[in-house]
Amino acid sequence: LTDAIVQRQEVLSNNLTNIGTENFVRQDIDFSRVLSGLQNNSFGSSNNESLIAQARYRDTSKPMTLESELSKLYDNHLRYMLLVKSINHHFDHMKKALEVRAN
């Protein structure tokens, strides 16, 4: 999942870079497809890069604006922060369990 967030940051940054480029079509990564792929695979042998590639899409639904791209960057940032907090919380629980076992 972290790979998908990093890839999305790169895709959104590329969109911002090309905001004034004529005929440029914005791209994005669909997290629901990444999560579905991870769930269906049950964390098995499928590689994350192929899941992310399958979740990448070209968005021609509406014109790209600076505000919309910045909003998507902020959304991606929030997802990253939530993931970091979740991982930190998980490790805190593991640490507490190990401390209890040691006593």
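In what follows, every heavy atom counts, from backbone to side chain, and hydrogens, waters and symmetry copies are set aside. Position 1 is the first residue of the sequence, and the numbers go up from there.
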- Between Ser68 and Ser71: side-chain donor-acceptor atoms closer than 3.5 Å: no
Distance in Å, [X] [atom1] paired with [Y] [atom2], rounded so as to fall on 0.5 Å steps:
X     : Y     : atom1 : atom2 : result
Leu51 : Ile29 : CG    : CD1   : 11.5 Å
Ile5  : Leu83 : CD1   : CG    : 4.5 Å
Leu82 : Ile87 : CG    : CD1   : 10.0 Å

- For atom OH of Tyr80, decide whether the heavy atoms of other residues, nucleotides or ligands shown that lie under 6.0 angstrom number more than 12. no
- Considering the options Lys95, His89, Lys96, which one meets the side-chain hydrogen bond (donor to acceptor under 3.5 Å, both in side chains) requirement together with His93? His89
- Message: Looking at Arg8 and Asp28, is any side-chain nitrogen of the basic one under 4.0 Å from a carboxylate oxygen of the acidic one?
- Response: yes
- Message: Tell me which pairs pass side chain to side chain donor-acceptor pair (under 3.5 Å) where either residue lies in residues 53-63, with sequence neighbours left out.
- Response: Arg26-Asp59, Gln27-Arg56, Asp59-Ser61
- Which heavy atom of Ile52 sits nearest a heavy atom of Ala4, and at what distance? CD1-N, 3.5 Å
- Could you walk me through whether Val6 and Glu10 pass the side-chain contact (heavy atoms from CB on, under 4.5 Å) check? CA-CA 6 Å; Val6 169; Glu10 291 175 8; 4.0 Å; yes
- Task: Carefully, step by step, assess Val34 and Asp3 under the rule side-chain contact (heavy atoms from CB on, under 4.5 Å).
- Result: CA-CA 10 Å; Val34 173; Asp3 292 341; over 6 Å; no
- Using the rule that two of Ile, Leu, Val, Met, Phe, Trp, Tyr join whenever any of their side-chain heavy atoms come within less than 4.5 Å, decide whether Val84 and Met94 are in one cluster. yes
- Query: Should Phe24 and Leu73 be regarded as members of a common hydrophobic cluster, given that ILVMFWY residues are connected when their side-chain heavy atoms come within less than 4.5 Å of each other, either directly or indirectly?
  - Reply: yes
